[in-house]
There are 2 protein chains.
Amino acid sequence: MIKNDFLSEIKYAGLTSRLKRLSDLLLYSTKDFYKSVGVDIEPNWHLIFLLLKEHEALNIKEISDRVQLSHPAIIKILNNMKQKGYVVAKTDDIDSRKQILTLSAKAYDALPLLEEYWEACIQTMKEVLEDSPEFLTALGSIEQKFKESSYKDRTLRNLKTN
Amino acid sequence: MIKNDFLSEIKYAGLTSRLKRLSDLLLYSTKDFYKSVGVDIEPNWHLIFLLLKEHEALNIKEISDRVQLSHPAIIKILNNMKQKGYVVAKTDDIDSRKQILTLSAKAYDALPLLEEYWEACIQTMKEVLEDSPEFLTALGSIEQKFKESSYKDRTLRNLKTN
DNA sequence: TACATTTGTATAACCAGTTATATATTTTAT
DNA sequence: ATAAAATATATAACTGGTTATACAAATGTA
């Protein structure tokens with residue numbers, strides 16, 4: 001536990017803020033990492049690279065379903081990736097509403113190097129979780145519970161039974 | 001584990017995004033909760049209430065040190081709390097750079113009710129972590145490790161040793 | 001005492017997400 | 001065949017954080 005950290009001291013009351021704080025820390029530090037190795041990608045592009053590498057072609061809805069972020073979030077990420085030339089879009093022949101998204105040639109060229117960087121990222125996570133082998137499972141269980149009943153609904157229920 | 005969730009499938013590579021996703025989920029659902037019980041406060045005001053209740057008077061620097069958020073973040077939170085009349089500021093007599101921040105009378109009036117709501121929030125967290133008693137400790141250990149050496153530094157190191 | 005450094009606060013610009021709303025296309029149902 | 005509903009995408013407005021920069025007040029030092 002971090003010394004003199006009020007959020008840790010207040011236990012359950014500080015949990016949300018600690019998750020936000022940690023996720024921000026990871027976000028900015030990852031950006032910092034990419035910058036210092038001189039590569040022009042953003043942290044969460046990794047997900048899109050992996051998804052499109054695996055599936056070749058997906059549309060926005062499919063991506064947003066799979067990563068469970070809102071579709072406007074995905075649109076923003078993809079627009080940036082398109083602008084940098086890592087993703088190309090063409091409209092679907094049989095359903096003109098859909099964009100078919102694929103990795104560009106530039107993306108495939110960059111992949112071997114990027115994968116080295118990502119390997120180092122993964123190693124960092126493994127090393128930080130070394131002493132907490134249950135963390136990933138616990139996180140999954142928390143996600144699952146909020147999926148079954150939202151934070152809001154649970155809290156309203158707890159309010160009534162007090 | 002959430003079914004068909006790409007972020008869970010890719011294990012360590014999806015961790016940062018899952019933390020962000022969970023923290024956002026908690027943030028928006030907490031807002032939703034406050035809205036549905038009809039109270040005009042924001043999620044992280046809870047922290048400030050607790051801090052100022054415990055210490056009576058603090059300045060911005062002291063708050064930002066204790067919760068370990070950047071001072072601009074604290075300034076924004078406090079400005080909103082001032083605007084809603086929950087916090088009052090007066091400048092320090094002996095060091096005119098400092099703002100002395102305290103809870104207002106309105107804040108103390110609201111506290112009993114707010115504390116009921118917060119109790120329900122805490123109960124929700126406890127119930128969701130019920131099956132994962134090690135989660136809080138694990139989170140603390142992760143925070144501690146990144147405090148010792150940043151994500152970026154660790155990852156650069158891992159890159160070199162590959 | 002004056003000057004350099006440090007400290008506390010403020011602000012600007014940015015970023016990654018959200019919800020709410022709009023629009024065009026496709027699908028379904030009568 | 002057409003009207004209604006559903007779906008895919010786009011965009012606007014907002015939020016809660018960040019870093020970088022600025023500046024005035026306080027402190028330390030020559």
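In what follows, every chain begins at residue 1, and chains take the letters A, B, ... in the order their sequences are listed.
Taking five base pairs at each end of the helix from C:dT1-D:dA30 to C:dT30-D:dA1 and finding the rotation axis that steps the C1' atoms of four pairs onto the next four gives two axes whose angle is 10°, to the nearest 10°.
Comparing A:Ser17 and A:Pro72 along DNA chain D, the residue whose closest nucleotide (by nearest heavy atom) sits nearer the 5' end is A:Pro72. Nearest-nucleotide mapping onto DNA chain D: of B:Lys31 and A:Lys98, the residue sitting toward the 5' end is A:Lys98.
Listed in residue order, the members of residues 39-64 of chain B having a heavy atom less than 4.0 Å from DNA chain C are B:Asn59, B:Ile60, B:Lys61. For DNA chain D, the neighbouring residues in residues 74-83 of chain B, judged by any heavy atom under 4.0 Å, are B:Lys76, B:Ile77.
The side chain to side chain donor-acceptor pair (under 3.5 Å) analysis of residues 44-55 of chain B, with sequence neighbours excluded, yields the pairs B:Lys53-B:Glu115. Pairs passing the salt bridge (Lys or Arg N to Asp or Glu O under 4.0 Å) check and including a residue from residues 102-113 of chain B, sequence neighbours excluded, do not occur.
On the nucleic acid side, DNA chain C contacts chain A at distances under 4.0 Å to non-hydrogen atoms, with the end points of that region at C:dC15 to C:dT26.
Residues forming a side-chain contact (heavy atoms from CB on, under 4.5 Å) with B:Tyr108 (at least two apart in sequence, or on another chain): B:Leu103, B:Leu111. Contacts of A:Val88 classified as side-chain contact (heavy atoms from CB on, under 4.5 Å), with partners at least two apart in sequence or in another chain: A:Thr102, A:Ser104. Listed by chain and residue number, A:Asn80 satisfy the side-chain contact (heavy atoms from CB on, under 4.5 Å) test with A:Gln83 (two or more places apart in sequence, or in another chain). Qualifying side-chain contact (heavy atoms from CB on, under 4.5 Å) partners for B:Ile60, counting only residues two or more places apart in sequence or in other chains: B:His71, B:Ile74, B:Ile75, B:Leu78, B:Gln99, B:Leu101. Not a single side chain to side chain donor-acceptor pair (under 3.5 Å) links B:Tyr28 to another residue, sequence neighbours left out.
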Distances for protein N or O near nucleotides 26-29 of chain D N or O, under 3.5 Å:
{"from": "D:dA26", "atom 1": "OP1", "to": "B:Ser96", "atom 2": "N", "distance (Å)": "2.9"}

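The ring of B:Tyr34 has its center no closer than 6.0 angstrom to the ring center of B:Tyr117.
The nearest whole Å value for the distance from the OH atom in B:Tyr28 to the P atom in D:dT15 is 9 Å.
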